[in-house]
Asker: 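Have a look at this one.
This is a predicted model, so every value here is computed, not measured.
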Amino acid sequence: MSSYEKNSFMKPSVPSPPNYHAGVPPTATGVPVSSESHFYSSMPPPPLSIQAPAPGPFSTGLCDCLDDVSNCCITCWCPCITFGRMAEIIDRGSTSCGVSGALYTLILFVTGCSCIYSCFYRAKLRRQYALHETPCNDFLVHCCCESCALCQEYRELKHRGFDMTMGWHGNVEKQTPGIQMVQPTTETGMSR
């Protein structure tokens with residue numbers, strides 16, 4: 001091996017900078033090269049920023065209870081039903097209507113102030129659908145006007161396409177018609 005071959009073998013080759021002044025674009029080599037440096041940068045790319053949607057208003061006002069008269073009457077006489085139906089939808093079926101309604105009633109009888117529990121569901125609903133916290137914070141809305149707040153939240157979910165009487169699983173089945181719940185069949189009669 002000649003001394004020229006030894007020297008060229010030991011020295012790393014550095015690509016020459018592209019000649020942009022000649023009017024000829026550089027040939028693609030598969031190696032990313034920036035105009036400032038021919039070597040890879042050790043800095044990671046900047047993080048992506050994902051913006052949350054801007055908050056919007058509720059579809060109906062707090063005092064528009066008579067827009068849904070049947071729900072207004074149910075909420076007036078038995079708010080645990082309205083709350084239970086809403087909680088099942090807001091929790092996406094992880095709690096049932098009956099359990100949420102019973103817990104609401106228990107808190108109402110023990111403390112006399114069910115807004116301690118229901119205000120958390122208003123906050124959860126607002127986060128899920130990016131709604132304004134109006135007319136004041138969630139606890140005060142439920143503390144001062146529990147029935148109106150429950151009616152407003154119920155109407156909001158109805159406005160977003162939920163059939164509140166069907167529960168979470170019924171709404172999921174309605175929105176995905178290709179998936180059907182099938183009851184297992186059992187054979188009748190004698191078998192060996």
Asker: Name the orientation class of the two ring planes belonging to Phe83 and Tyr104 (parallel below 30°, tilted from 30 to 60°, perpendicular beyond 60°).
Answerer: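 Parallel, since the angle between the ring planes stays under 30°.
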
Asker: Between Asp163 and Lys174, does any NZ, NE, NH1 or NH2 come within less than 4.0 Å of an OD or OE carboxylate oxygen?
Answerer: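 Result for this pair is no, no salt bridge flagged.
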
Asker: So, for Gly93 and His169, which heavy atoms are closest and what is the spacing to 0.1 Å?
Answerer: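 Heavy atoms of Gly93 and His169 come nearest at O-NE2, 4.0 Å.
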
Asker: So do Glu156 and Arg122 actually touch side chain to side chain, heavy atoms under 4.5 Å?
Answerer: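 Counting from C-beta outward, Arg122 and Glu156 never come under 4.5 Å.
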
Asker: Establish whether Val141 and Tyr117 are linked, either directly or via other cluster members, by ILVMFWY side-chain heavy-atom contacts under 4.5 Å.
Answerer: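 Val141 and Tyr117: separate clusters.
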
Asker: Where do Gly61 and Arg155 come nearest, in terms of heavy atoms and distance?
Answerer: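 What the structure gives for the nearest pair is O-NH2, 2.7 Å.
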
Asker: What's the verdict on salt bridge (Lys or Arg N to Asp or Glu O under 4.0 Å) for Arg126 and Asp138, showing C-alpha distance, side-chain angles and the deciding distance?
Answerer: CA-CA 9 Å; Arg126 284 189 319 93; Asp138 300 326; 3.0 Å; yes

Asker: Establish whether Phe139 and Ile107 are linked, either directly or via other cluster members, by ILVMFWY side-chain heavy-atom contacts under 4.5 Å.
Answerer: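 No, separate clusters.
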
Asker: Please tell me whether Glu88 and Ser96 have a donor and an acceptor in their side chains that are separated by less than 3.5 angstrom.
Answerer: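 Per modelled atom types, Glu88 and Ser96 side chains form no pair under 3.5 Å.
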
Asker: As an exercise, state the distance from CG of Leu103 to CG of Leu108, rounded to the nearest 0.5 Å.
Answerer: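 Leu103 CG to Leu108 CG: 11.5 Å, rounded to 0.5 Å.
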
Asker: To the nearest 0.5 angstrom, please state how far the NE2 atom of His142 sits from the SG atom of Cys119.
Answerer: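 Nearest 0.5 Å value for the NE2-SG distance: 7.0 Å.
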
Asker: For Leu66 and Cys72, work out which heavy atoms get closest and say how close.
Answerer: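 Residues Leu66 and Cys72, closest heavy atoms: CD2-SG, 4.3 Å.
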
Asker: Would you call Asp68 and Lys158 a salt bridge, using N to O less than 4.0 angstrom?
Answerer: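 Result for this pair is yes, salt bridge flagged.
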
Asker: Is there side-chain contact between Tyr121 and Leu125, with at least one heavy-atom pair below 4.5 Å?
Answerer: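 In short, these two side chains do not touch, never coming nearer than 4.5 Å.
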
Asker: One pair to check against side-chain contact (heavy atoms from CB on, under 4.5 Å): Arg92 and Gln128. What are the steps and the verdict?
Answerer: CA-CA 11 Å; Arg92 300 176 190 266; Gln128 284 180 1; 3.9 Å; yes

Asker: Decide whether Leu131 and Met86 are clustered together by the hydrophobic rule: side chain heavy atoms of Ile, Leu, Val, Met, Phe, Trp, Tyr closer than 4.5 Å, transitively.
Answerer: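 Both belong to a single hydrophobic cluster.
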
Asker: Starting from Met166, can I reach Ile81 by hopping between I/L/V/M/F/W/Y residues whose side chains sit under 4.5 Å apart?
Answerer: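 Per the 4.5 Å side-chain linkage, Ile81 and Met166 are not co-clustered.
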
Asker: Measuring from Gln175:CD to Phe162:CZ, what's the distance to the nearest 0.5 Å?
Answerer: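 One gets 6.0 Å once the value is rounded to the nearest 0.5 Å.
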
Asker: If two hydrophobic side chains count as joined below 4.5 Å and joins carry through other members, does Met164 share a cluster with Tyr129?
Answerer: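 Linked, Met164 and Tyr129 end up in one cluster.
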
Asker: Out of Pro79, Cys65, Cys76, which one pairs with Cys151 under the side chain to side chain contact (heavy atoms under 4.5 Å, CB included) rule?
Answerer: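 Single side chain to side chain contact (heavy atoms under 4.5 Å, CB included) partner of Cys151 among Pro79, Cys65, Cys76: Cys65.
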
Asker: For residues Thr75 and Ser147, report the shortest heavy-atom separation together with the two atoms involved.
Answerer: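 Looking at all heavy atoms of both residues, the closest pair is CG2-O, 3.7 Å.
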
Asker: Taking Asp91 for its side chain and Ser94 for its backbone only, find out whether a donor-acceptor pair lies under 3.5 Å.
Answerer: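 No, because the side chain of Asp91 does not come within donor-acceptor range (under 3.5 Å) of the backbone of Ser94.
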
Asker: Is the side chain of Gln152 donor-acceptor paired with the backbone N or O of Asp64 at a distance under 3.5 Å, no angle test?
Answerer: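 Pair absent, no side-chain N/O of Gln152 close to backbone of Asp64.
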
Asker: Which distance, rounded to the nearest 0.5 Å, do you find between the OG of Ser114 and the CG of Leu150?
Answerer: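 Here the rounded value is 7.0 Å.
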
Asker: Stepwise, does the side-chain contact (heavy atoms from CB on, under 4.5 Å) test hold for Thr60 with His159?
Answerer: CA-CA 9 Å; Thr60 59; His159 177 73; over 6 Å; no

Asker: Nearest 0.5 angstrom please: Ile74 CD1 to Cys80 SG, how far?
Answerer: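 Between atom CD1 of Ile74 and atom SG of Cys80 there are 10.5 Å.
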
